[in-house]
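Here's the structure we're looking at; comments come further down.
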Amino acid sequence: MASWRTLVRLLAIGLVLFSFCDAKELLVGGSENAWKIPVNSSDSLNQWAGKTRFKVGDFLIWKYDGKVDSVLQVTKEDYENCNTSKPIKEYKDGNTKVELDKSGPFYFISGAGGHCQKGQKLVIVVMSEKHWDHPDSPTPTVPAPAPAQNSASLIKPLRDGFLFWGLASFGVAFAFL
Ligand SMILES: *[C@@H]1O[C@H](CO)[C@@H](O)[C@H](O)[C@H]1NC(C)=O
Ligand SMILES: *[C@@H]1O[C@H](CO)[C@@H](O)[C@H](O)[C@H]1NC(C)=O
């Protein structure tokens with residue numbers, strides 16, 4: 001019986017890992033300390049965003065010096081005007097992690113004085129799985145990423161809805177047998 005239980009437990013742990021391995025952690029700008037005034041007037045952070053695919057459940061990670069900079073999540077208007085007075089959320093710990101918990105645009109600007117005006121800002125568009133192959137027209141500043149075809153798309157429908165959460169909770173329950 002012990003070996004049977006071990007087998008079930010391994011299977012359960014596998015299911016849990018499978019359920020959650022789809023969420024990614026994305027380092028903003030693609031490297032540490034990319035959260036700074038762009039060297040060029042061209043919009044390097046948004047160029048990175050245009051090449052990156054964001055899905056619901058992914059995490060954005062910022063690495064920066066929390067003593068001199070911060071990350072503000074703001075509205076579209078405040079993004080455009082670089083208005084730092086009333087952010088939706090403010091992060092200044094130097095190692096900021098934000099979950100992309102819904103589809104649609106997210107706007108971030110630097111809280112350091114004058115940085116946003118000099119281009120330290122980021123807009124990303126999170127796609128829902130439904131729009132995977134036909135992204136809604138994103139904001140004009142972000143070119144639509146080309147749809148990537150990979151094997152994962154075959155199992156995506158499986159992960160949706162009941163089956164996914166059923167398996168996940170089944171897995172959690174049995175992992176603690
Ligand atoms: C800045 O942009 C110009 C033109 O887009 C380019 O020629 C130059 O190499 C860039 N400089 C840096 C430091 O990336
Ligand atoms: C910034 O936003 C605040 C609150 O939303 C508003 O009262 C203020 O006028 C704005 N400032 C600028 C310069 O747009």
Side-chain angles (χ1 to χ4, degrees), residues 1-35 45-67 69-74 87-108 111 122-136 138-139 142-177:
M1 281 311 267
S3 61
W4 176 83
R5 186 170 280 195
T6 306
L7 189 69
V8 172
R9 195 177 288 179
L10 284 176
L11 191 70
I13 291 169
L15 281 174
V16 172
L17 290 179
F18 174 79
S19 309
F20 292 102
C21 69
D22 207 29
K24 278 189 302 224
E25 297 197 344
L26 300 154
L27 190 56
V28 166
S31 61
E32 295 204 1
N33 301 314
W35 186 239
L45 284 167
N46 283 339
Q47 274 176 6
W48 167 80
K51 287 182 291 190
T52 310
R53 179 182 298 283
F54 304 96
K55 290 191 277 78
V56 174
D58 286 349
F59 292 88
L60 285 183
I61 312 277
W62 279 261
K63 306 254 189 201
Y64 55 94
D65 184 349
K67 288 194 282 294
D69 211 335
S70 61
V71 177
L72 309 183
Q73 186 180 346
V74 295
I88 300 166
K89 283 207 179 111
E90 177 173 17
Y91 308 90
K92 44 187 170 187
D93 52 5
N95 190 4
T96 295
K97 183 168 174 176
V98 173
E99 182 177 10
L100 304 174
D101 54 0
K102 58 178 165 52
S103 58
F106 284 72
Y107 301 92
F108 301 97
L122 172 70
V123 53
I124 65 153
V125 180
V126 178
M127 279 188 269
S128 64
E129 305 244 326
K130 283 189 230 77
H131 298 138
W132 196 253
D133 294 315
H134 305 283
D136 291 339
T139 55
V142 180
Q149 294 299 328
N150 54 30
S151 57
S153 60
L154 291 174
I155 42 178
K156 281 209 178 299
L158 267 179
R159 288 187 181 148
D160 285 349
F162 265 86
L163 186 57
F164 167 76
W165 288 111
L167 283 176
S169 38
F170 171 86
V172 170
F174 273 87
F176 292 102
L177 259 183

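Here the structure is a predicted model, which is why all the values come from computation and not from measurement.
- For Ile61, the side-chain contact (heavy atoms from CB on, under 4.5 Å) partners are Glu25, Leu27, Lys63, Asn95, Lys97, not counting sequence neighbours.
- Going from atom CG of Asp58 over to atom NZ of Lys24 covers 5.5 Å, rounded to the nearest 0.5 Å.
- Residues passing the side-chain hydrogen bond (donor to acceptor under 3.5 Å, both in side chains) test with Asp69 are Ser110, Gln120, sequence neighbours excluded.
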**OP:** Check the pair Thr96 / Tyr64 against side chain to side chain donor-acceptor pair (under 3.5 Å), numbers first and verdict last.
**Re:** CA-CA 9 Å; Thr96 295; Tyr64 55 94; 2.7 Å; yes

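- Closest non-hydrogen pair, Ala34 versus Val28, comes out as CB-O, 3.5 Å.
- Two residues are said to be in side-chain contact when any heavy atoms from C-beta on lie closer than 4.5 Å; Lys55 and Met127 fail this criterion.
- A 4.5 Å side-chain heavy-atom check between Trp62 and Val98 finds at least one atom pair inside the cut-off.
- Listed here is the closest heavy atom pair of Gly111 and Ser70: CA-OG, 3.2 Å.
- Under the 3.5 Å distance criterion, the side-chain polar atoms of Asn46 are matched with a main-chain donor or acceptor of Val123.
- In terms of heavy-atom proximity, Phe59 sits nearest to Glu99 at CE2-CB, 3.5 Å.
- Summarising the geometry of Val56 relative to Lys102, their closest heavy-atom pair is CG2-C, 3.7 Å, with the distance given to 0.1 Å.
- For Trp35 and Phe108, the ring centers are positioned 6.0 Å apart or more.
- In this structure, OH in Tyr107 is found 11.0 Å from CD in Gln73, a value given to the nearest 0.5 Å.
- Atoms CG and CZ, on Leu26 and Arg53 in that order, are 11.5 Å from each other to the nearest 0.5 Å.
- Here Phe54 and Trp48 bring their ring centres to under 6.0 angstrom of each other.
- Taking the side-chain contact (heavy atoms from CB on, under 4.5 Å) definition, one finds that Asn33 meets it with nothing, sequence neighbours left out.
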